[in-house]
Amino acid sequence: EKGGYEHYMRKEIHEQPSALRQTLSSRLDVDRGEVDLDLDFPQGYLESLEEIQFVACGTSYYASQYTAQLLEEFADVRATVTIASEYEFEGGRDPWRTLVVAVTQSGETADTLGAIRRAAGAGARTLAVTNTLGSTVTRETNDTLFIRAGPEIGVAATKTFASQVATLALLTVAIGRGRGALSTADARDVLEDLRALPGAVQQVLDEEEQVLAAAREYQDSDAFFFVGRRFGYPVALEGALKLKEISYDHAEGFAAGELKHGPLALVSDQTPVLAVLTTGADGDETRNNLTEAQTRRAPAIGVVTAGIRTKSLDWALEVPAVGVFEPLVANVYFQMFAYHIANLKERSIDKPRNLAKSVTVE
Ligand code: M6R
């Protein structure tokens with residue numbers, strides 16, 4: 001049932017192109033710059049919307065952070081992201097003009113359900129974005145959007161992260177169009193990049209040998225740091241979460257600009273730094289921050305846009321050009337890196353110690 005793979009996680013990493021195709025299937029009309037998500041917001045609702053609040057945990061929280069930036073850029077709407085266990089519906093907001101979106105793969109995460117109940121209690125409209133038909137969250141929200149990634153068995157979320165961001169990118173286009181904030185031409189550009197996403201992810205998966213070689217080289221490191229800006233920032237956080245979750249190694253993600261404000265003190269020749277240097281991640285500025293780490297002898301692994309010349313990296317991993325989705329594709333390298341480090345250490349990859357696939361306690 002693992003389809004010839006040793007672990008579900010690796011199978012699910014490799015399923016991403018087909019999962020993404022399924023996520024996008026019959027939902028986008030690239031020529032017209034429109035999407036069809038089968039969501040019925042009340043008349044005038046999107047135009048009057050003042051804020052979109054995301055509530056989520058773990059990997060779903062990082063997918064939400066990615067999306068909040070998409071919404072600000074393409075839908076001209078304020079978007080905030082709160083860790084579900086920290087969420088309160090705060091005063092000064094009009095519940096009718098606030099959409100609260102619960103992003104949860106399982107649809108059963110107690111912290112996220114608690115947050116959505118507080119939002120609904122305050123009178124806000126709620127939307128669930130989930131992978132699981134019939135899950136609790138779908139029964140407690142006004143609307144549901146399915147990410148259609150297919151079942152995910154490994155505790156580490158992989159294909160669901162990619163499908164969450166892709167689904168939420170479609171939602172961004174729908175909201176941007178609905179608010180009159182996104183032109184047909186700009187919507188077409190975003191949708192073209194989205195349509196190219198499954199193929200781009202496949203090209204990265206085909207580079208797995210390279211990732212395995214890098215994992216072999218660095219498996220005994222003291223710690224691993226991940227850095228990025230803009231769309232690369234949530235991906236850095238997600239890369240670190242994945243590595244610590246399954247390898248039990250110390251890994252941390254930082255906003256690249258923050259390295260010099262403290263974390264640089266931890267950097268040595270035993271701490272590889274993995275950086276998102278692509279389009280959508282302010283690659284040039286991040287490259288400068290990476291150099292600061294290299295000056296302290298840190299090995300540098302950079303994910304770069306294919307064809308862009310990047311000097312003096314220890315490893316340059318290439319992603320095809322897909323605009324603001326390049327950091328999402330970069331994440332596939334980070335998933336494979338985490339997997340191979342953990343596999344070389346013979347960890348219990350699909351069921352890491354102390355963790356559960358869905359966390360049903362607060
Ligand atoms: O089912 P959910 O998306 O609500 O789960 C949220 C987190 O528990 C989950 O993403 C967790 O962080 C993953 N195991 C990370 O790989």
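Quantities reported herein were computed from a predicted structural model and do not represent experimental measurements. Both counts, for ligands and for their atoms, begin at 1 and track the order of listing.
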If you measure every N/O of Ala157 against every N/O of ligand 1, is any gap under 3.5 Å? yes
Atom 11 (C) of ligand 1 has as its nearest protein heavy atom Thr59 N, 4.2 Å
By number and element, which atoms of ligand 1 are closer than 4.0 Å to a non-hydrogen atom of Gly58? 12 (O)
Which residue supplies the protein heavy atom nearest to atom 8 (O) of ligand 1, what is that atom called, and how far is it? Val359 CG2, 4.1 Å
Of all the non-hydrogen atoms in the protein, which one sits nearest to atom 6 (C) of ligand 1, and at what distance? Cys57 O, 3.4 Å
Does the pair Glu47/Arg179 count as a salt bridge with the N-to-O cut at 4.0 Å? no
Are there over 12 heavy-atom neighbours, none belonging to Arg93, within less than 6.0 Å of that residue's CZ? yes
Could you list which atoms of ligand 1 come closer than 4.0 Å to a heavy atom of Lys242? 15 (C), 16 (O)
Output the list of atoms in ligand 1 that are nearer than 4.0 Å to some heavy atom of Ala156, sorted by atom number. 16 (O)
Using a 4.0 Å cutoff against the non-hydrogen atoms of Thr104, which atoms of ligand 1 qualify? 1 (O), 2 (P), 3 (O), 4 (O)
Counting heavy atoms only, which of Ala356, Ser60, Ser135, Gly107 comes nearest to atom 3 (O) of ligand 1? Ser60
Selection from Thr109, Val155, Asp111, Thr360 by shortest heavy-atom distance to atom 2 (P) of ligand 1: Thr109
Classify the angle between the aromatic ring planes of Phe231 and Tyr66 as parallel (below 30°), tilted (30 to 60°) or perpendicular (above 60°). tilted
Indicate, as side chain, backbone, both or neither, the part of Glu245 found under 4.0 angstrom from ligand 1 when only non-hydrogen atoms are considered. side chain
Taking all non-hydrogen atoms of both residues into account, name the closest pair between His7 and Tyr339 and its distance. ND1-OH, 2.8 Å
Consider side-chain contact (heavy atoms from CB on, under 4.5 Å). Of Val303, Val211, Ile301, which one does Trp315 pass it with? Ile301
Test of understanding: clusters of I, L, V, M, F, W, Y form through side-chain heavy atoms closer than 4.5 Å, transitively. Do Val30 and Val324 belong to the same one? yes
Would you find more than 12 non-hydrogen atoms of other residues, nucleotides or ligands less than 6.0 Å from Lys345 atom NZ? yes
Just to check, does Lys357 reach to within less than 4.0 Å of ligand 1 when the distance is taken from its heavy atoms? no
Is the closest heavy-atom distance from Ser358 to ligand 1 below 4.0 Å? no
Starting from atom 1 (O) of ligand 1, which protein heavy atom do you reach first, and at what distance in Å? Ser106 OG, 2.7 Å
Which of parallel (below 30°), tilted (30 to 60°) and perpendicular (above 60°) describes Phe337 and Phe226? perpendicular
Looking at Asp38, I'd like to know if its CG atom is crowded, meaning that more than 12 non-hydrogen atoms belonging to other residues, nucleotides or ligands lie closer than 6.0 Å. no
